[in-house]
Amino acid sequence: MAEAPVARARHRILVLDEGDQPVVEAVVAVVSSSVPFPEIALLTDEAGAVELHLPAGVFAFRARGPDDASGEVEVTSPGAVESVIRLKRR
Amino acid sequence: MIELKSVSKPAPSVLLEAVTAETAPTRVTTEGRTGTASAEVSRSLKHLAVKGRSEPLRRSSVAPSLESIIGPTDERVRILDTDLDPWRMVCALRLRGPSGGGAIGTGWFVGPKTLLTAGHCVYSTHFFGGWASEIEVSPGRNGDEFPFETVKSRRFSSVDRWVSSEDPDFDIGCIHLAEPLGAKVGWFAVAALPPAELEGYLVNVSGYPGDRGRGTEQYHHKNRVLRVTERRVFYDVDTFGGQSGAPVWIHETETAPPLAVGIHAYGTGGAPTGLEANSAPRIIPEVLDRIREWVEADGGWPKRP
């Protein structure tokens, strides 16, 4: 018998540059997680955001902008509905 | 033995008949082809790809900074001769969901018009709220160079166990093309090997990560199979988000062609306790049956002359 889908919480990640402007087409991916999480990479939309539905767990997301600036954020799900990654050049 | 049914994205695609898995032999394979494009031998294949069985090539000794980069250093190597076999069978994917959100993934040919990828690249409630809308397929993409045509598809399939519960053991997807691009670039042979046979093999994983080249450059890494479970294969091969759907393949001997045995899908999150490894759903006989069904639905494999 098939298992029921795991309950998930909607979460939005906003990617901003050093001037607090949204970064379009930034790559966002999970770099560590407490539960299995697919190795897909998301691209931010015109508002500089990606939206996903997370199972319960702790996730570290890394974002990288077109200019290679990067940043990370840790997200606990369920929890806040939005988090922000501010990109910094190395 | 499990019963695994094909599930296709609803119209405009044709729904595939559900097929009950038959009793399978212990080792079953499909046949690969190198394609009609250049027959030049890839230097990357000669020097980077691993073949046969071995002890582990290296061991993790320092806590990694990234989940799926295992060990003290990131050992992925960029493939530059992506116009050659087998790298050209590996495709950069641009995924689009119904909301227009985009994502990066990897796919690979298993037939003239059929690619395999991770189930979550075609169907995901995490990312798309269901089926992907459209996927752009670029075989052997090499940065700004496209050695072959880029084509788009809106016809996808997966298996019922993925669509109903998104169980990582069944994270398997299929992209159906209208164009026989695989005839040019070739396609992988696929094998359902018994766990005891798979253990000890060196595996290759090559795909399009988001952290290097933003999903436009192909990166390869290799190591030994660490563990094989009923439905998954675990390995300490470095990967990153965007390589989901990449082929996990072996070469049975130094001169044998590539033989795909899994579909890369996960980093170390969720690996068995005490095991730091990335993983793929294995090609099991029931999955191989579905792959055959998908290729046949796309017109089948051509007979050898």
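Reminder, nothing fancy here: chain letters follow the sequence lines and each chain counts from 1.
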Out of Gly242(B), Ala118(B), Gly210(B), which one racks up the most heavy-atom pairs below 4.5 Å with chain A? Gly242(B)

Ranking Gly102(B), Gly119(B), Gly97(B) by heavy-atom pairs under 4.5 Å to chain A gives rank one to Gly102(B)

Less than 4.5 Å to any heavy atom of chain B: does that hold for the side chain of Glu25(A), its backbone, both, or neither? both

Counting only non-hydrogen atoms closer than 4.5 Å, does Ala265(B) touch chain A with its backbone (N, CA, C, O), its side chain (CB onward), both, or neither? backbone

Need one label for Leu93(B): side chain, backbone, both or neither, based on atoms under 4.5 Å from any heavy atom in chain A. neither

Please report the C-alpha distance between His53(A) and Thr125(B) in whole Å, then the side-chain angles of each, then the deciding distance to 0.1 Å, and finally whether the side-chain contact (heavy atoms from CB on, under 4.5 Å) criterion is met. CA-CA 7 Å; His53(A) 293 78; Thr125(B) 54; 5.9 Å; no

With side-chain contact (heavy atoms from CB on, under 4.5 Å) as the criterion, how do Asp211(B) and Val27(A) come out once you've worked through the C-alpha distance, each side chain's angles and the decisive distance to 0.1 Å? CA-CA 7 Å; Asp211(B) 64 330; Val27(A) 174; over 6 Å; no

Supply the atom-to-atom distance [X] [atom1] to [Y] [atom2], rounded to the nearest 0.5 angstrom.
X: Asp171(B); Y: Glu39(A); atom1: CG; atom2: CD; answer: 11.0 Å
X: Arg8(A); Y: Glu166(B); atom1: CZ; atom2: CD; answer: 4.5 Å
X: Ile40(A); Y: Tyr266(B); atom1: CD1; atom2: OH; answer: 10.0 Å
X: Arg212(B); Y: Asp68(A); atom1: CZ; atom2: CG; answer: 11.5 Å

Max heavy-atom pair count under 4.5 Å with chain B, selected residue of Pro38(A), Pro66(A), Ala60(A): Pro38(A)

Can you name the closest pair of heavy atoms from Pro36(A) and Pro168(B) and give their distance? CB-CG, 4.1 Å

Ignoring hydrogens, what is the shortest heavy-atom contact between Ala29(A) and Gly241(B)? Give both atom names and the distance. CB-CA, 4.1 Å

Please determine whether the number of non-hydrogen atoms from other residues, nucleotides or ligands lying under 6.0 Å from atom CG of Asp144(B) exceeds 12. no

